[in-house]
Amino acid sequence: MDHDPDVDLRQLRAFLAVADELHFGRAAERLHVAQPALSQQIRRTERALGVDLFVRTSRSVALTAAGRVLHGRARSLVEQVRRDLDETVRVGRGEAGRLDLGFVVSALPLGPIERVQAFRARYPSVRVELTEGYSSTLLARIVRGELDLAVVRDADPDPAVRLLPFRTEAFLAAVPRDHRLAGRPAIRGTELVDDPFVFFPAAAGSLATERNLAPVTAGGRRPVVVQEATTWATVLHLVGAGLGVTVLPESAALAAPDTVALLPLRGSEHRSELSWAMRADDDREILRNFVDADRAGDAGSPTRAQ
């Protein structure tokens, strides 16, 4: 007949104390309990298991064969439970577990990976997995629960997503070195409206598209995008090859080749906004710990490429 013993952690600790000391008095002192209470607890354990664990005489206490088996295993059981409970507490406090973090590549010069490194140093038991992508695709993955957190740029609003400020930066114009405006110290974005544009596809996000183009469309006209590319590095190389011009955030311009001239935009107050994005209903401590660690940091400003 199968036996399903009901033995808890306290009973195992009491058994270990008696098995180690082979003396009920010393074991009771070790556990800070009365000796009669300890004796009763051992009896309850024996009844639950259906076997005797100790041979008791008026002068000695010895382990039975069953007691010796339990003695060999109980300590590892207690230690494993302690480790499991400790991990549970650390996960609940955001000090252990896994964090799936996404980022837009253009944000890299502004320090998110350095923040990951600082977080890993502070919480070494948290495993951080990194994924790159468009803001729109990263946001969709957050909503689906595939990512916990992401650095996104000029994100379209979504009631399912909470955005916390990360960085803001200005836009620059990028033109070929032999462009008619390349030698100017600064230009107005509207001066590029008749030029062919190299740009991201619309799938990258409507707000990101409109905010990037805002300095150019300020006069009411819209440029024609003749070539699309999926990374700013590709966009810049296509601009350098003479396929068109573009407007991009300052940090994205750090990848510009020598064939590209970067120009400040005069009279434009438009800014690109980078945010930490997470699910609106996700209040786990691990996310709070990461965002708080970032706020406590001091990421430096990128150096503009010439």
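Here the side chains of Gln35 and Arg26 are not in contact, with every heavy-atom distance at 4.5 Å or above. Residues Asp194 and Val224 have side chains not in contact (no heavy-atom distance under 4.5 Å, counting atoms from C-beta outward). Put simply, the side chain of Phe171 does not reach to within 4.5 Å of the side chain of Leu213, judged on heavy atoms. Here the side chains of Leu139 and Val152 are in contact, with some heavy-atom distance below 4.5 Å. Side-chain contact between Ile286 and Tyr123 is absent, with no heavy atoms from C-beta onward closer than 4.5 Å. Side-chain contact check for Ser106 versus Thr231: every heavy-atom pair is 4.5 Å or farther apart. You'll find the side chain of Val51 reaches within 4.5 Å of the side chain of Leu53, heavy atoms only. By the 4.5 Å heavy-atom criterion applied to side chains, Arg43 and Gln40 are counted as neighbours.
Looking only at distances, a side-chain donor or acceptor of Glu191 sits under 3.5 Å from a matching main-chain atom of Arg188. Between the side chain of Thr234 and the backbone N or O of Thr230 there is no donor-acceptor pair closer than 3.5 Å. Between the side chain of His32 and the backbone N or O of Ala28 there is no donor-acceptor pair closer than 3.5 Å. For the pair Arg127 (side chain) and Leu99 (backbone), a donor-acceptor distance under 3.5 Å is absent. At least one donor-acceptor pair closer than 3.5 Å links the side chain of Thr57 to the backbone N or O of Arg59. Checking side-chain atoms of Ser76 against main-chain N and O of Arg73 turns up a donor-acceptor pair under 3.5 Å. Side chain of Arg153 to main chain of Leu274: no donor-acceptor pair is present (N/O by atom type, distance under 3.5 Å, no hydrogens or angles). Distance alone, capped at 3.5 Å, is enough to place a donor-acceptor pair between the Asp148 side chain and the Asp100 backbone.
Electrostatic pairing of Glu273 and Arg271 does not count as a salt bridge here, judged by no charged N lying under 4.0 Å from a carboxylate O. Comment: Asp258 does not engage Arg177 in a salt bridge, judged by the lack of any side-chain N to carboxylate O separation of less than 4.0 angstrom. For the pair Asp282 and Arg162, the salt-bridge criterion is not met [side-chain N within less than 4.0 Å of a carboxylate O]. Under the 4.0 Å criterion applied to side-chain N and carboxylate O atoms, Asp195 and Arg180 are assigned as salt-bridge partners. Here Arg222 pairs with Glu210 in a salt bridge; the nearest charged N to carboxylate O distance falls below 4.0 Å. Under the 4.0 Å criterion applied to side-chain N and carboxylate O atoms, Glu285 and Arg288 are assigned as salt-bridge partners.
Across all their heavy atoms, Pro185 and Pro264 have their closest contact at O-CD, 3.2 Å. In terms of heavy atoms, Leu138 sits closest to Leu147 at CD2-CD1, 3.7 Å. Taking all atoms of both residues into account, the shortest heavy-atom contact from Ala218 to Thr190 is CB-CG2, 4.1 Å. Here the closest non-hydrogen pair linking Ala174 and Leu248 is CB-CD2, 3.9 Å. Closest approach of Ile187 to Ala173, counting heavy atoms only: CD1-CB, 3.8 Å. Between Ala48 and Val7, the shortest heavy-atom contact is CB-CG2, 4.0 Å.
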TODO: For the pair Val175 and Val260, evaluate side-chain contact (heavy atoms from CB on, under 4.5 Å) and give the outcome as yes or no after the intermediate values.
DONE: CA-CA 6 Å; Val175 302; Val260 171; over 6 Å; no
TODO: For the pair Asp154 and Ser272, evaluate side-chain hydrogen bond (donor to acceptor under 3.5 Å, both in side chains) and give the outcome as yes or no after the intermediate values.
DONE: CA-CA 6 Å; Asp154 300 320; Ser272 180; 3.0 Å; yes
- [ ] Step by step, work out the side-chain contact (heavy atoms from CB on, under 4.5 Å) result for Leu70 and Leu12.
- [x] CA-CA 9 Å; Leu70 184 59; Leu12 287 178; 4.2 Å; yes
Task: Working for side-chain contact (heavy atoms from CB on, under 4.5 Å), residues Leu149 and Trp276 - done: CA-CA 7 Å; Leu149 188 71; Trp276 292 115; 4.0 Å; yes
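Atoms CZ and CG, from Arg56 and Leu22 in turn, are 11.5 Å apart once rounded to the nearest 0.5 Å. Phe119 CZ to Asn289 CG: the interatomic distance, rounded to the nearest 0.5 Å, is 6.0 Å. Rounding to the nearest 0.5 Å places CG of Leu172 at 5.0 Å from CD of Glu250. Atom CG of Leu236 is separated from atom OG1 of Thr259 by 8.5 Å, given to the nearest 0.5 angstrom. A distance of 10.5 Å separates CG in Leu262 from CG in Leu265, rounded to the nearest 0.5 Å. From Glu46, atom CD reaches atom CD of Gln41 across 12.0 Å, with rounding to the nearest 0.5 Å.
Checking Thr45 against Gln11 by side-chain atom types alone, a donor-acceptor pair falls below 3.5 Å. Of the N and O atoms on the side chains of Ser206 and Thr209, not one donor lies less than 3.5 Å from an acceptor on the other residue. Checked by atom type, the side-chain pair His71/Asp20 shows a donor-acceptor distance below 3.5 Å. At a cut-off of 3.5 Å, with distance as the only test, a side-chain donor of Ser251 or Glu169 sits close to an acceptor on the other residue.
Hydrophobic clustering (ILVMFWY, side-chain heavy atoms < 4.5 Å, transitive): Leu16 and Val55 are in distinct clusters. Val225 and Leu207 fall into different hydrophobic clusters, where Ile, Leu, Val, Met, Phe, Trp and Tyr side chains are chained together by heavy-atom contacts under 4.5 Å. Hydrophobic clustering (ILVMFWY, side-chain heavy atoms < 4.5 Å, transitive): Val239 and Val226 are in distinct clusters. Linking ILVMFWY residues whenever their side-chain heavy atoms come closer than 4.5 Å, directly or via other members, leaves Val61 and Val69 in distinct clusters. In the hydrophobic cluster analysis, where Ile, Leu, Val, Met, Phe, Trp and Tyr join through side-chain heavy atoms closer than 4.5 angstrom, Leu164 is grouped together with Phe290.
Partners of Phe200 according to the ring-ring contact (aromatic ring centres under 6.0 Å, His included) rule, which considers only residues two or more places apart in sequence or in another chain, are Tyr134, Trp232. Under the ring-ring contact (aromatic ring centres under 6.0 Å, His included) criterion, Phe197 pairs with no residue, sequence neighbours left out. Qualifying side-chain hydrogen bond (donor to acceptor under 3.5 Å, both in side chains) partners for Asp8, counting only residues two or more places apart in sequence or in other chains: none.
Residue Arg10 qualifies as open at atom CZ: its count of foreign heavy atoms under 6.0 Å is 12 or below. No more than 12 heavy atoms of other residues, nucleotides or ligands shown are found within 6.0 angstrom of CZ on Arg13.
Between Phe54 and Phe24, the ring-plane angle classifies as perpendicular under the 30° and 60° cut-offs.
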